[in-house]
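Since the structure comes first, as structure tokens, the remarks are kept for the end.
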Amino acid sequence: MRLKSKHVLGLREMEAEEINLVLDTADSMKEIIGREIKKVPTLRGRTLVTLFYEPSTRTRTSFELAGKYMSADTVNIATTTSAVVKGETLKDTARTLEMMGTDVLVMRHPISGSCHLLARTVSCSVINAGDGMHEHPSQGLLDLYTIRQKKGKIAGLRVAIVGDILHSRVARSNLWGLTKLGAEVVVTGPSTLLPPAAQELGVRATSRVEEALEGADVVNVLRLQLERQKGGLFPSIREYSRMFGVNRERLALAKPDVLLMHPGPMNRGVELSSEVADSVYSSINEQVTNGVAVRMALLYLLLGGGEAA
Amino acid sequence: MGVKEKARIMDAEAIRRALSRIAHEIIERNRGIKDLLVVGIRRRGVPLAQRLCDRIAEIEGARPAMGILDITLYRDDLTTRSEQPVVHRTEIPVDVKGKKVVLVDDVLYTGRTIRAALDALMDLGRPELIQLAVLVDRGHRELPIRADFVGKNVPTSRKEMVELRLNEVDGTEDMVLIVEKD
């Protein structure tokens, strides 16, 4: 059993069976992260390059660590210190990296669809680490993994996603993954930040956060992406926090054993109160560790084997 | 491609007796079960390791520690196989440092699985020693590896395959078969 594509561009393209394969493989990888010597020889001689056109701490670091734990050689390119600032195009940068022997290119880029363009340009594997407002599949997978780990299942769970759904690639990857695995999803946020046709994505949308949180098994709070809020889609951060911020009172509407998630980095006191972020319901730190395991699984499934028959 | 059963070389009784003898040999060689860690190699090494631990417990009145090793990430044929093996979890509940480890597998053939298992085990720490127990040794080694405890030595040709069927895994009666590809 292997993934059908040599690229990981989005959860929309993946089948439920493939998603489950990633989650099962991640489960095996997690044991390695807990070892004193975190190293297996599986990807010796393989090269992983991260190419980030946007800032990142956890995604870039966790891809790099995932590669290193599996003995791949890893190179990180921050575009601000690369030939990109001299005007090199994305395609030319990618081809240059490919010619140096890259086996997998992990890219984050502000434009939706850029990873698909890259996948058509190069012959190595491409992993989307976030493209504009489109998808962030490894985050979606680690969220699914965390839910499955904590709840023992995904099918039949009620999941509320809170925040700026419109601009969020994390939300989109979560939606595709959760609905494919049989969860019931409701999204909530200011009506200006909800996707216009949520029903077509198979989810319910409401601008009343209380309604969304009521009876939820999982509450996934998105980061308010301040860098994408130049259009005045809501009056002020303070008002957003008052209307949509997840705090103790609102979280109390959910199931007593609710799982609280956040992809990070958090704007404490904006989308999430510090009190609940650090509460027993929160899996925010666990999500980070799981992120490394899920990315190890993706690297193994893409690179750890012969050529697809 | 079909397979043809050529011979049944061990039945359930023979397997039980072989494991019982190996259990005695393990206890004798290690002078008891102090610091003993029995590690089954996925997949059929695991139920065999469990049975050995059960038998050792009957003889000694105490059960040795047991672990499970998955060697997928250590295989030397990952890049040459077209089928990608599924990675399973390694579960060793104790620190291997200073332990007398008995690796358990069903069939010893080229020795490459054991090479991978040794590497996998060493990455977890530094055991005092490692011994190898197999139900069947069929020869044709490609590496300088030998077993310390053998259920049965079976001369085979490379065209043949030796297959262990176990109740826990296959749901059938326990047996060891020699099969040949058509």
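Computed from a predicted model, the values in this text were never measured in an experiment. Side-chain atoms are counted along with the backbone in the values below, which use heavy atoms only and exclude waters and symmetry mates. A note on names: the letters A, B, ... follow the listed sequences, proteins ahead of strands, and every chain is numbered from 1.
Heavy atoms of other residues, nucleotides or ligands lying less than 6.0 angstrom from CD of Glu17(A) number 12 at most. Heavy-atom neighbours of Tyr281(A) OH from other residues, nucleotides or ligands within 6.0 Å: at or below the threshold of 12. Atom NZ of Lys39(A) is surrounded by more than 12 heavy atoms from other residues, nucleotides or ligands within 6.0 Å. Environment of NZ in Lys255(A): crowded, with over 12 heavy atoms of neighbouring residues, nucleotides or ligands closer than 6.0 Å. Within a 6.0 Å sphere centred on CD of Glu28(B), other residues, nucleotides and ligands contribute 12 heavy atoms or fewer. The number of heavy atoms from other shown groups lying within 6.0 Å of CZ (Arg12(A)) does not exceed 12. Residue Arg126(B) qualifies as open at atom CZ: its count of foreign heavy atoms under 6.0 Å is 12 or below.
Taking each heavy atom of Asp123(B) and Val40(A) in turn, the nearest pair found is OD2-CA, 4.4 Å.
Judged by distance alone, the side chain of Ser28(A) and the main-chain N or O of Val87(B) form a donor-acceptor pair under 3.5 Å. Between the Gln84(B) side chain and the Tyr300(A) main chain, a donor and an acceptor come within less than 3.5 Å of each other.
Among the candidates Met29(A), Arg44(A), Glu31(A), the residue making the largest number of heavy-atom pairs closer than 4.5 Å to chain B is Glu31(A). Of all the listed residues (Thr72(B), Thr90(B), Asp76(B), Asp70(B)), the one sharing the greatest number of non-hydrogen pairs under 4.5 Å with chain A is Thr90(B).
Heavy atoms closer than 4.5 Å to chain B are found in both the backbone and the side chain of Leu301(A). Of the two parts of Glu36(A), neither the backbone nor the side chain holds a non-hydrogen atom closer than 4.5 Å to a non-hydrogen atom of chain B.
Ion pairing between Asp27(A) and Arg89(B) holds under the 4.0 Å rule for side-chain N and carboxylate O.
Looking at heavy atoms from C-beta onward, Leu78(B) lies in side-chain contact with Thr42(A) at the 4.5 angstrom threshold.
Atom CG of Leu43(A) sits about 8.5 Å away from atom CG of Leu73(B), to the nearest 0.5 Å.
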